[in-house]
Amino acid sequence: QVQLVESGGGLVQAGASLTLSCAASGRTFGGSVMGWFRQAPGKEREFVAAITWSGGSTRYADSVKGRFTISKDNAKNTVYLQMNGLKPEDTAVYYCAVNAEGILLISYRAYAYWGQGTQVTVSS
């Protein structure tokens, strides 16, 4: 049973930084892609960033490129999302997810396993 547990969310002011963590367990993740998504109230879940578990290739949404960085620690089975220069429009529940296809896909439908989410609120 795959388990994904996010942490690190909170309430910050615009311009601040936060680092989200996603601890993964329950299977070997070699060949998988780990993704971060977010969902604001009344909006669809949207892609933020993804990383291949084995090679470390990354992909970002245009809205976060240059501000957010996704990384991983294979030894800890943990994926991180470093968020700098936060804006009020970044406010959302952030989810990590696993895509067993091994391709840096941006559709949430391609990701089979999801964490419970962590709230990020950015005040202006």
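Positions are given from 1, in the same order as the sequence printed here. On a predicted model such as this, the values are computed, not experimentally measured, just so you know.
Phe68 and Ile51 fall within the same hydrophobic cluster, defined by Ile, Leu, Val, Met, Phe, Trp and Tyr side-chain heavy atoms under 4.5 Å apart, directly or through other members. When the side chains of ILVMFWY residues are joined at heavy-atom separations under 4.5 Å, either directly or via intervening members, Met34 and Tyr80 end up in two distinct hydrophobic clusters. In the hydrophobic clustering of this structure, Val64 does not group with Leu105; members are Ile, Leu, Val, Met, Phe, Trp, Tyr whose side-chain heavy atoms approach within less than 4.5 Å, directly or through other members. Residues Tyr95 and Ile70 do not share a hydrophobic cluster, clusters being chains of Ile/Leu/Val/Met/Phe/Trp/Tyr side chains in contact below 4.5 Å.
Sorted by first then second residue, the salt bridge (Lys or Arg N to Asp or Glu O under 4.0 Å) pairs that include residues 66-85, not counting sequence neighbours, are Arg67-Asp90. Counting only residues at least two apart or on different chains, no disulfide bond (SG atoms under 2.5 Å apart) pair has a member in residues 35-95. Residue pairs meeting the ring pair (Phe, Tyr, Trp, His ring centres under 6.0 Å) criterion with at least one partner in residues 98-117, sequence neighbours excluded, are Phe37-Tyr111, Phe37-Trp114.
When the side chain to side chain donor-acceptor pair (under 3.5 Å) test is applied to Arg59, no partner is found at least two apart in sequence or on another chain. Residues satisfying the ring-ring contact (aromatic ring centres under 6.0 Å, His included) test with Phe29, not counting sequence neighbours, are Trp53.
The closest side-chain heavy-atom distance from Leu20 to Val120 is below 4.5 Å. Side-chain contact between Ser57 and Leu104 is present, with at least one heavy-atom pair separated by less than 4.5 Å.
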Chi angles and distances behind the side-chain contact (heavy atoms from CB on, under 4.5 Å) call for Val48, Tyr60
CA-CA 6 Å; Val48 176; Tyr60 295 92; over 6 Å; no

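Note that CG of Leu81 and CH2 of Trp36 are 6.0 Å apart. Values are rounded to the nearest 0.5 Å.
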Give every donor-acceptor pair under 3.5 Å between a side-chain atom in residues 4-18 and any protein atom, sequence neighbours left out.
{"residue": "Glu6", "atom": "OE1", "partner": "Gln116", "partner atom": "N", "Å": "3.0"}
{"residue": "Glu6", "atom": "OE1", "partner": "Gln116", "partner atom": "NE2", "Å": "3.4"}
{"residue": "Glu6", "atom": "OE1", "partner": "Gly117", "partner atom": "N", "Å": "2.9"}
{"residue": "Glu6", "atom": "OE2", "partner": "Cys96", "partner atom": "N", "Å": "2.8"}
{"residue": "Glu6", "atom": "OE2", "partner": "Gly117", "partner atom": "N", "Å": "3.3"}
{"residue": "Ser17", "atom": "OG", "partner": "Asn84", "partner atom": "OD1", "Å": "2.9"}

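Taking all atoms of both residues into account, the shortest heavy-atom contact from Gly102 to Val33 is C-CG2, 3.4 Å. The shortest non-hydrogen separation linking Arg38 to Glu46 is NE-OE2, 2.6 Å. When all heavy atoms of Gly30 and Ser54 are compared, the closest pair comes out as CA-OG, 3.7 Å.
A side-chain N or O of Gln119 and one of Thr121 form a donor-acceptor pair less than 3.5 Å apart.
A donor-acceptor pair is defined here as one N or O able to donate and one able to accept, closer than 3.5 Å; no such pair exists between the side chain of Ser32 and the backbone of Val98. A donor-acceptor pair under 3.5 Å links the side-chain atoms of Ser107 to the main chain of Arg109, judged by distance alone.
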